[in-house]
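Everything below concerns the one structure shown next.
Naming: A, B, ... by sequence-line order, numbering from 1 per chain. Predicted model only: the values in this text are computed from it and were never measured.
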There are 2 protein chains.
Amino acid sequence: MHTRSDIARAVLSFRYTDPMNAPIPARARTARERARAELTAEILAAARRQLREDGAALLSLRSVARELGMASSAVYRYFASRDELLTALIVQAYTEIGEAAENADRPSASPEERWLAVWRAVREWSLAHRHEYALIFGTPVPGYVAPHITIEVAGRMPLTLARICADAKRSGGLNPPSGPVCPPEAIEPAMLQLLPGEAFDPDETARLILAWNRLVGIIGYELHGHLANVTADDALFFDHTARTEGAYIGLPFN
Amino acid sequence: MHTRSDIARAVLSFRYTDPMNAPIPARARTARERARAELTAEILAAARRQLREDGAALLSLRSVARELGMASSAVYRYFASRDELLTALIVQAYTEIGEAAENADRPSASPEERWLAVWRAVREWSLAHRHEYALIFGTPVPGYVAPHITIEVAGRMPLTLARICADAKRSGGLNPPSGPVCPPEAIEPAMLQLLPGEAFDPDETARLILAWNRLVGIIGYELHGHLANVTADDALFFDHTARTEGAYIGLPFN
DNA sequence: TCATATTCGAGAGCAGTGCTCTCTGTCGAG
DNA sequence: CTCGACAGAGAGCACTGCTCTCGAATATGA
């Protein structure tokens, strides 16, 4: 049974063990360190496989141990708890969805093309990794608090969207349509400088937040079946959503 | 361990047992039937309590049985599986969020007031019932397919939004701003007549779908912590979101 | 009214889980 | 070469969902 303090401890020990920041040390001095790094990676890979196939709910430390032919207690030498293993998988998922977004972004293209390409890439990744998506954007594990490691890597995907808008704005291509203006007090001041050297005003920031929320939300609806019998062509509806949200943020769609 | 067929069977037996449609029969002929109905309700109430306090992940049939002072095996006389119990709770949650929306809607008020009131009511209910919210809009149980009972009751909340728009439209108060137009093929044709005697065109329907998705999505962001360090005043940001989405659908906000 | 059939509760039991503890062997640094 | 840190295995605890059996209580038909 998990309690809040259990999980907090697990997260802390995870930060200490830190198997993510140094999965395979560049220079593994001793054979033991090398073996440890390799086994850590193997455990993570096996867990990843089970996550992809069966989802987080059915992922168990024991089955991972079985797959690697080791005693379940031995796995605890590498991950102090199941939650710690989950945290590592969460970091991986955030990283991958962020990379999917970044890799899809071609700064030489027009802002509209970039916007659509990134949205589609994020959707593609999510459809291909529904369980990873659920892990990071679905119901959080009870009592689970995201360790600080995750919040940095979680920003890569939305920051890609912000960069496109910043570039468009710099060339005068960001003209949001009129509508209700977001009260500045609603936005965390630190959010106004989320790109170095690039200032968004509160309303622009709010539009960005909503676009990011939309991207995640509409994919969630598709993945979780809320669009069944609602939309007839999910890809088409998604593209329309991307364009709608792009237009809302001020990109010249239509 | 749950397999798809297991769950399908459980859902079917649930539909047969049908403890929701007749929780307490008006005229319980025999004492046995009366006792059965009462105990079913008690189990459901205890499960509800545990769900509210600890969330679905920590809800176990055994702890429900313990709370009621009965053997765990006895509970299976009333609910064929844990998933069946969860399904009953899902139906309850959908019903309640739908009622929260409907009760907040005052048809005599202006469409903008109605819109905002319903949005706020849904948010209030969700904040007060975060685990129930997670149950219906969060990550679905692996392999779980929503039984048909749920899809009807799931529509009450979005239909409340649709009714407001239909009323506004009838009095000429629905004027959506221009923007990308949704291709008709993207929308399921049946969705165009979701209100009896009220026809929405595909683009209006798409805007409705997006508004419904936004309402659920922005609440999910708030509940799951994705707005931490992003927004400074969640209630204020939510109101702005409601207005923005209302304006997008064509209500005269600002 | 009485025998029969159905229902119900309890208990034991199976297979699985997360996690801890102990014991033994191995490896690495002094 | 010795000693301490580390890694693996195994047993064990408490918990889970779920099944089966076995009496006891209850309803039903004759």
Side-chain angles (χ1 to χ4, degrees), chain A residues 1-7 9-11 13-14 16-17 19 28-40 42-43 47 50 54-87 141-144, chain B residues 1-3 5-7 9-11 13-14 16-17 19 25 28-40 42-43 47 50 54-87 141-144:
Chain A
M1 212 80 311
H2 320 292
T3 67
R4 282 179 186 271
S5 55
D6 280 348
I7 287 157
R9 191 185 44 67
V11 167
S13 69
F14 167 69
Y16 176 70
T17 322
R29 271 186 279 278
T30 73
R32 205 174 236 173
E33 278 180 24
R34 173 182 238 81
R36 178 175 186 85
E38 257 174 49
L39 239 181
T40 304
E42 272 182 55
I43 291 171
Q50 298 198 5
D54 304 323
L58 270 54
L59 170 65
S60 80
L61 261 173
R62 289 183 115 110
S63 67
V64 169
R66 258 195 309 273
E67 182 174 326
L68 298 183
M70 64 197 322
S72 67
S73 57
V75 179
Y76 283 86
R77 301 277 181 203
Y78 299 86
F79 292 90
S81 69
R82 182 179 181 272
D83 283 311
E84 185 172 299
L85 186 56
L86 249 339
T87 300
V141 181
Y144 182 86
Chain B
M1 211 81 309
H2 320 291
T3 67
S5 54
D6 281 348
I7 288 158
R9 191 184 43 69
V11 167
S13 70
F14 168 69
Y16 176 70
T17 321
R29 270 186 280 278
T30 72
R32 204 174 237 170
E33 278 180 24
R34 172 182 240 82
R36 178 175 187 86
E38 257 174 50
L39 239 180
T40 304
E42 272 182 55
I43 291 172
Q50 298 198 5
D54 304 323
L58 269 55
L59 170 65
S60 79
L61 261 172
R62 287 183 115 110
S63 67
V64 169
R66 259 195 309 274
E67 182 174 327
L68 298 183
M70 64 197 325
S72 67
S73 57
V75 179
Y76 283 86
R77 300 277 182 201
Y78 299 86
F79 292 90
S81 70
R82 182 180 182 274
D83 283 311
E84 186 173 299
L85 186 56
L86 278 185
T87 300
V141 181
Y144 182 87

Can you measure L85(A) atom CG to dT17(C) atom P for me and round it to whole angstrom units? 14 Å
In whole angstrom, give the distance that lies between atom CG of L58(A) and atom P of dG16(C). 13 Å
Rounded interatomic separation in angstrom, taking CG from L61(A) and C1' from dT16(D): 16 Å
Roughly how many Å is it from CE in M70(B) to P in dC8(C), rounded to a whole number? 10 Å
Could you measure the distance from the OH atom of Y76(A) to the CD atom of E84(A)? Nearest 0.5 Å is fine. 11.0 Å
Under 3.5 Å donor-acceptor pair, R77(A) side-chain atoms to dG8(D) base atoms: yes
Is the closest side-chain heavy-atom distance between Q50(A) and L58(A) below 4.5 Å? no
Ignoring backbone atoms, test whether Y78(B) places a side-chain nitrogen or oxygen under 4.0 Å from the OP1 or OP2 oxygen of dC8(C). no
For the atom pair OG1 (T87(B)) and CZ (R82(B)), what is the distance rounded to the nearest 0.5 Å? 10.5 Å
Which part of the nucleic acid, if any, lies within contact of L39(B), taking any heavy atom under 4.0 Å across all strands shown: a base, the sugar-phosphate backbone alone, or nothing? sugar-phosphate
Between R66(B) and dT16(D), is there a side-chain N or O to OP1/OP2 distance below 4.0 Å? yes
Please report, rounded to the nearest Å, how far the C1' atom of dA25(D) is from the CD atom of E33(B). 16 Å
Which value, rounded to the nearest 0.5 Å, describes the distance between E38(B) atom CD and E42(B) atom CD? 6.5 Å
Value in whole Å for how far the P atom of dG11(C) lies from OH of Y76(B): 17 Å
How would you label the contact of L68(A) with the nucleic acid (heavy atoms, under 4.0 Å): base, sugar-phosphate, or nothing? nothing
Within the modelled atom types, does a donor on one side and an acceptor on the other bring the side chain of R32(A) and the base of dT26(C) under 3.5 Å apart? yes
Interatomic distance, L59(B) CG vs dG17(D) C1' [rounded to whole Å]: 12 Å
Length of the line joining E84(B):CD and dT19(D):P, which is rounded to integer Å: 12 Å
Nearest of dG17(D), dT16(D), dA10(C) to any side-chain atom of S63(B)? dT16(D)
Among dT17(C), dG17(D), dC8(C), which is the nearest nucleotide to the side chain of R62(B)? dG17(D)
So does S73(B) reach the base of dG9(C) with its side chain, donor to acceptor, closer than 3.5 Å? no
If you check the S60(A) side chain, which of dA10(C), dG17(D), dG18(C) turns out closest? dG18(C)
Listed nucleotide nearest any side-chain atom of T30(B), set dT28(D), dG17(D), dA9(D): dT28(D)
Within the distance-only criterion (no hydrogens, no angle test), does the side chain of R36(A) pair as donor or acceptor with the backbone N or O of R77(A) below 3.5 angstrom? yes
